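First up is the structure itself, then whatever we jot down about it.
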Amino acid sequence: MIGIDITSIDRIKKMYEKFGIKAYEKFLNTNEIELIKKPETAAGFWAAKEAASKALGTGIGEHCAFHDIKISKGKLGNPKIKYKKEVRKRFGIKKSHLSITHDAGFAIAVVINVLKKD
């Protein structure tokens, strides 16, 4: 299961300028918000959550919401992703991998889910 998303950094920046912290609270939890130091990071997290939902084949919505997906940083600063237990169980996810990059005004994320064997 693989998903990819591209997000405009400027769109996320303008959303934050207009709505402040409420903009981030729409798609990030408190721990994730603490990791945001610049708009590129926020856009990368948005793209990561969209890519994660696409890797499920659902998109953000009824079966997987923004807050069903958690992003953190590994010991080396690498992005890590995890779904809530209910989502992992429903879709049979064993492990998930995330890569985020940004350049030229865009953030791109790719998520790969490894499924449990039956």
Side-chain angles (χ1 to χ4, degrees):
M1 300 172 79
I2 187 168
I4 187 170
D5 190 72
I6 183 169
T7 301
S8 164
I9 294 167
D10 193 51
R11 181 171 65 95
I12 300 300
K13 182 179 178 182
K14 286 179 180 177
M15 187 172 72
Y16 181 77
E17 288 170 350
K18 184 174 182 177
F19 298 106
I21 196 70
K22 293 283 185 199
Y24 287 168
E25 290 172 342
K26 174 183 177 181
F27 68 101
L28 300 171
N29 67 40
T30 304
N31 293 334
E32 293 165 333
I33 291 171
E34 289 177 8
L35 297 173
I36 305 297
K37 306 294 184 233
K38 53 189 176 180
E40 291 85 350
T41 305
F45 283 15
W46 178 285
K49 291 190 177 200
E50 288 282 357
S53 69
K54 291 173 183 177
L56 299 176
T58 66
I60 293 293
E62 179 184 345
H63 298 287
C64 183
F66 281 120
H67 290 283
D68 290 334
I69 305 162
K70 298 176 185 176
I71 299 171
S72 61
K73 297 268 182 148
K75 293 177 185 174
L76 301 176
N78 56 305
K80 300 181 77 149
I81 193 162
K82 190 172 186 178
Y83 298 91
K84 281 190 175 178
K85 185 177 182 179
E86 300 82 34
V87 174
R88 288 193 324 265
K89 186 175 179 180
R90 181 182 315 130
F91 291 94
I93 299 168
K94 179 179 179 182
K95 188 167 178 78
S96 299
H97 303 278
L98 168 64
S99 182
I100 302 173
T101 190
H102 43 78
D103 188 31
F106 293 95
I108 300 170
V110 175
V111 173
I112 297 174
N113 292 325
V114 177
L115 302 180
K116 296 177 182 175
K117 295 180 181 180
D118 290 333

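Being a predicted model, the structure only gives us computed values, none of them experimental. Side-chain atoms are counted along with the backbone in the values below, which use heavy atoms only and exclude waters and symmetry mates.
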Common cluster, Val111/Met1, ILVMFWY with side-chain heavy-atom separation under 4.5 Å:
yes
If hydrophobic residues (ILVMFWY) are linked whenever their side-chain heavy atoms come closer than 4.5 Å, directly or via other members, who joins Leu76 in its cluster?
none
Side-chain donor-acceptor pairs of residues 87-102 under 3.5 Å, sequence neighbours excluded:
{"from": "Arg88", "atom 1": "NH1", "to": "Tyr83", "atom 2": "O", "distance (Å)": "2.7"}
{"from": "Arg90", "atom 1": "NH1", "to": "His63", "atom 2": "O", "distance (Å)": "2.7"}
{"from": "Ser96", "atom 1": "OG", "to": "Asn113", "atom 2": "OD1", "distance (Å)": "2.7"}

Donor-acceptor contacts under 3.5 Å from residues 48-61 side chains, at least two apart:
{"from": "Lys49", "atom 1": "NZ", "to": "Phe27", "atom 2": "O", "distance (Å)": "2.7"}
{"from": "Lys49", "atom 1": "NZ", "to": "Glu32", "atom 2": "OE1", "distance (Å)": "2.9"}
{"from": "Lys49", "atom 1": "NZ", "to": "Glu32", "atom 2": "OE2", "distance (Å)": "3.2"}
{"from": "Lys49", "atom 1": "NZ", "to": "Phe66", "atom 2": "O", "distance (Å)": "3.1"}
{"from": "Lys49", "atom 1": "NZ", "to": "Ile69", "atom 2": "O", "distance (Å)": "2.9"}
{"from": "Ser53", "atom 1": "OG", "to": "Glu50", "atom 2": "O", "distance (Å)": "2.8"}
{"from": "Ser53", "atom 1": "OG", "to": "Ile60", "atom 2": "N", "distance (Å)": "3.2"}
{"from": "Lys54", "atom 1": "NZ", "to": "Asp5", "atom 2": "OD1", "distance (Å)": "2.7"}
{"from": "Thr58", "atom 1": "OG1", "to": "Ser53", "atom 2": "O", "distance (Å)": "3.4"}

Do any N or O atoms from the side chain of Lys37 and from the backbone of Glu34 form a donor-acceptor pair under 3.5 angstrom?
yes
Would you check if Ile9 and Pro39 make a side-chain contact, meaning some heavy-atom pair closer than 4.5 Å?
yes
Would you say that Phe19 contacts Lys26 through its side chain, given a criterion of any heavy-atom pair below 4.5 Å between the two side chains?
no
Which residues satisfy the side chain to side chain contact (heavy atoms under 4.5 Å, CB included) test with Thr41, sequence neighbours excluded?
Ile36, Lys38, Phe45
Grab the two heavy atoms, one from Ala47 and one from Ala107, that are nearest each other, plus how far apart they are.
CB-O, 3.9 Å
Distance from Asn29 atom CG to Ile71 atom CD1, nearest 0.5 Å?
9.0 Å
For Asp68, give me all partners under side-chain hydrogen bond (donor to acceptor under 3.5 Å, both in side chains), at least two apart in sequence or on another chain.
none
To check you understand the geometry: which heavy-atom pair defines the closest contact between Lys73 and Leu35, and what is its length?
CG-CD1, 3.9 Å
Which atom of His67 lies closest to which atom of Leu28, heavy atoms considered
CE1-O, 3.1 Å
With sequence neighbours left out, the residues meeting side chain to side chain contact (heavy atoms under 4.5 Å, CB included) with Ile6 are Phe106, Ile108
Assigning hydrophobic clusters by single linkage (Ile, Leu, Val, Met, Phe, Trp, Tyr; side-chain heavy-atom cutoff under 4.5 Å), is Ile112 placed with Ile81?
no
Residues that Glu17 engages under side chain to side chain contact (heavy atoms under 4.5 Å, CB included), provided they are two or more places apart
Lys13, Lys14
